[in-house]
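Note that the structure is predicted; figures quoted are calculated from it, not measured.
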Number of protein chains: 2
Amino acid sequence: MAGNKRVTLAEVAALAGVSAITVSRAIRQPGIVSEKVKNRVEAAVRELGYVPNPAARLLATGRSNVIGVVIPSITNNVFADVVSGIYDAVEGTDFEVQLGNTRYSPSQEEGLLRIFSSQRPAGLIVAGIDQTAASLDMLASIDCPVVQIMELSADPVGHCVGLSHYEAARHASAHLVEQGYRRVGFLGARMDPRTQRRFSGFREVAEAAGVFDERRVCTTTTPSSVTLGSQLLADLLAKAPDVDAIFCNNDDLALGALFEAQRRRLSVPDQLGICGFNDLEMVSAAEPAITSVFIPRYQMGRQAVDLVTQGIASDGENPTEIRDLGFELRARRSTARKQD
Amino acid sequence: MAGNKRVTLAEVAALAGVSAITVSRAIRQPGIVSEKVKNRVEAAVRELGYVPNPAARLLATGRSNVIGVVIPSITNNVFADVVSGIYDAVEGTDFEVQLGNTRYSPSQEEGLLRIFSSQRPAGLIVAGIDQTAASLDMLASIDCPVVQIMELSADPVGHCVGLSHYEAARHASAHLVEQGYRRVGFLGARMDPRTQRRFSGFREVAEAAGVFDERRVCTTTTPSSVTLGSQLLADLLAKAPDVDAIFCNNDDLALGALFEAQRRRLSVPDQLGICGFNDLEMVSAAEPAITSVFIPRYQMGRQAVDLVTQGIASDGENPTEIRDLGFELRARRSTARKQD
DNA sequence: TTGACAAATGATAGCGCTGTCAAGAATGAT
DNA sequence: ATCATTCTTGACAGCGCTATCATTTGTCAA
């Protein structure tokens, strides 16, 4: 049953005493062949260890079983969870996942999409809504379900599964204000469009509450890291020593900021409130536990795949769906300034 | 140049005024067609936006450009970095990466390998050396370069790029002893074979130094997390309150243990030394910074791809290579008990 | 100029599978 | 028993590309 030479349909057919096309049908649509033949074919398949050749199938049908996934980073925990949801959702189906990594570069994304679209994918899942015009053109004209994830688009090219990062940031910022913090600051890394939307949410709430100050904003285009969070807090304290709370662009920064606060013997949450974003597992375990905004990363992956498979099942003509998966502020000790 | 209907070789050939096969050659082996024809073909390719159909190519050549990668988890930072190295190394070549996730299940691994081998991959990269007998059979008989990564095998099925986790753990454990800790413990999660090898390293060094005690070993088969690190330390302190240092199976546990120590006002490193494994970015940023064993994850990915591409270039008959990429103990404050 | 040889290009077949249509077998109503 | 209908099965062609061999063109020495 091992053996490394390929077994073809024809060989299975010969062994089962039927024609090749019948074997093909027995495998793909077991319902339409007779019980007897199906059993014979199954036995032959098992005996020879036959595995279909996907390339031949693809060539013959012009449709692949590959769901292309385009994300900006594979090391970022957020996308790792999304991808995990995608893989789990694909498990047990006939689909395969093909990952593409844009490294946060719109032009690399364009290149990846060009390649993907030339391979007649079964579906396409892309992170974000900030594609280039050319990328959007490709997505609009490609003949397969397309799902944008992470965010909600006012003008989606296909389906959309995500949440409003702007609203989520507003929520978190309002929480800081509610907790009594009056000199709130912002720590941001990478500053990609998604981050900037979070920043606007923060800024608007802070301004409305009259607690916004440019001096308390520390951002960089450098990729995020825990170490960077420490540095950014150090920079912020240098510029604005009176800051009493920070909203961090993501949890790495928040954790780094917590460590820096510990180094400086700044008590969290009393002297400094810290709020992160994403709610990675580690921030809930921190001491003190860090407040963060949970976003349903894993679910986004799963549901994106669902939309793709549904789109294929309904043969394309189902309406564009926009799923707002929301977010959840998880208030923890790091922002518990008021007694509770 | 956009357009979503496929452009075929034949159309390019017609436009360039040559035959299909000439176009094929102009693309794959530009050296063997005349300058004039090559230019005409290139112009036609550009004008039509031609992209080769990989399925047809695969069917015709019987060789795909897919490097299969089999790892136990996609969310684990360690593998994320390995995968990142793999993707970076593949970038700019003609190869593609196809990821398979075993979820630490040998039988799932076997299934994945079965699928991969049926697709005539260009190469196969698998994590670890603890495959089932059936998996090893497949790997041994498959007609493409195979690379086992993460560890060093005494009896590799193909190439090997990794390090001795046993030795690395010995090193880290010896460090704890050197620092003057005398009641060292071990925290372990998942307890997969790789983890167990680390445990043996720890155990042997601790026993040799006369500081080993079963009561100071806390392990679980649960997947690792920061929260789990806190719990395991709590369990350990309940069983053996006199423990003065811990070697943690990985950095998540180490960070969780640090947080738990902070909650209990146990001073690190004086009352409790903490050593992690992997040297993820976050532990170096922690307060106090956590000692850990760096392993060249990213490089493992890169070099695995190199071995695959070399193997293909040399057409199979290059000798099996075993690359020990080593490790590096990064001693930090969390184990700096002696004055320094 | 001619022939010998190399370089460049083309014709043909086929990779393994599935879509399409045609034919045969089974079923039920009359 | 006969015919119409459905259910099963098969023959054939072709998806887009490349391996192989055949042919044409170009180059150089005699």
Side-chain angles (χ1 to χ4, degrees), chain A residues 4-42 44-45 48-66 94 115 117-122 143 315, chain B residues 4-42 44-45 48-66 94 115 117-122 143 315:
Chain A
N4 55 357
K5 61 266 301 166
R6 312 268 328 200
V7 180
T8 71
L9 249 199
E11 298 171 54
V12 176
L15 180 61
V18 294
S19 72
I21 185 67
T22 300
V23 176
S24 173
R25 284 194 276 248
I27 290 171
R28 291 180 306 147
Q29 313 158 53
I32 68 166
V33 299
S34 69
E35 202 62 29
K36 205 167 40 176
V37 169
K38 192 169 69 191
N39 291 337
R40 279 220 310 277
V41 169
E42 278 171 3
V45 164
L48 297 173
Y50 170 73
V51 184
N53 180 331
R57 177 179 288 176
L58 168 53
L59 189 58
T61 60
R63 273 231 147 282
S64 86
N65 63 340
V66 169
D94 279 334
I115 293 174
S117 20
S118 76
Q119 314 205 5
R120 296 213 171 228
D143 179 33
D315 208 22
Chain B
N4 54 359
K5 60 262 303 163
R6 311 271 326 202
V7 180
T8 70
L9 248 200
E11 297 171 54
V12 176
L15 180 61
V18 295
S19 70
I21 184 67
T22 300
V23 175
S24 172
R25 284 196 276 246
I27 290 171
R28 292 180 304 145
Q29 313 159 54
I32 70 166
V33 298
S34 69
E35 203 62 29
K36 207 168 41 177
V37 167
K38 193 170 67 188
N39 291 336
R40 281 219 311 276
V41 168
E42 279 172 3
V45 164
L48 297 173
Y50 170 73
V51 184
N53 180 331
R57 178 177 288 175
L58 168 52
L59 189 56
T61 60
R63 273 234 146 278
S64 87
N65 64 338
V66 169
D94 280 334
I115 293 173
S117 19
S118 77
Q119 313 204 6
R120 295 211 170 227
D143 178 32
D315 209 21

Rounded to whole Å, please give me the gap between [atom1] in [X] and [atom2] in [N].
X: B:Asn39; N: C:dA8; atom1: CG; atom2: P; answer: 14 Å
X: B:Ile27; N: D:dG16; atom1: CD1; atom2: P; answer: 15 Å
X: A:Leu9; N: D:dA11; atom1: CG; atom2: C1'; answer: 15 Å
X: B:Asn53; N: D:dC17; atom1: CG; atom2: C1'; answer: 8 Å
X: A:Glu35; N: C:dA25; atom1: CD; atom2: P; answer: 21 Å
X: A:Leu59; N: D:dG16; atom1: CG; atom2: C1'; answer: 5 Å
X: A:Arg40; N: D:dG10; atom1: CZ; atom2: C1'; answer: 14 Å
X: A:Lys36; N: C:dA26; atom1: NZ; atom2: C1'; answer: 11 Å

To the nearest 0.5 angstrom, please state how far the [atom1] atom of [X] sits from the [atom2] atom of [Y].
X: B:Leu58; Y: A:Leu59; atom1: CG; atom2: CG; result: 9.5 Å
X: A:Leu9; Y: A:Leu48; atom1: CG; atom2: CG; result: 11.0 Å
X: A:Ile27; Y: A:Arg57; atom1: CD1; atom2: CZ; result: 7.5 Å

For the side chain of [X], starting at C-beta, report the closest nucleotide among [options].
X: A:Val18; options: D:dG10, C:dA11, D:dG16; answer: D:dG10
X: B:Ala60; options: C:dG14, C:dG16, C:dA8; answer: C:dG14
X: A:Ile21; options: C:dT18, C:dA11, C:dC17; answer: C:dT18
X: B:Ser24; options: D:dG10, D:dG16, D:dT18; answer: D:dT18
X: B:Ala56; options: D:dG16, C:dG19, D:dA19; answer: D:dG16
X: B:Arg57; options: C:dT20, C:dG10, D:dC17; answer: D:dC17

Which heavy atom in A:Val41 sits nearest to a heavy atom in A:Val23, and how many Å separate them?
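Nearest heavy atoms, A:Val41 then A:Val23: CG1-CG1, 3.9 Å.
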
Ignoring hydrogens and angles, are the base of D:dG10 and the side chain of A:Arg25 linked by a donor-acceptor pair under 3.5 Å?
yes

Strictly below 4.0 Å: does [X] bring a side-chain N or O up to OP1 or OP2 of [N]?
X: A:Ser34; N: D:dT8; answer: no
X: A:Thr22; N: D:dG10; answer: yes
X: A:Arg28; N: C:dG19; answer: yes

Is A:Arg120 reaching over with its side chain to a backbone N or O of A:Ser64, donor-acceptor style, under 3.5 angstrom?
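No, A:Arg120 side chain to A:Ser64 backbone: no donor-acceptor pair under 3.5 Å.
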
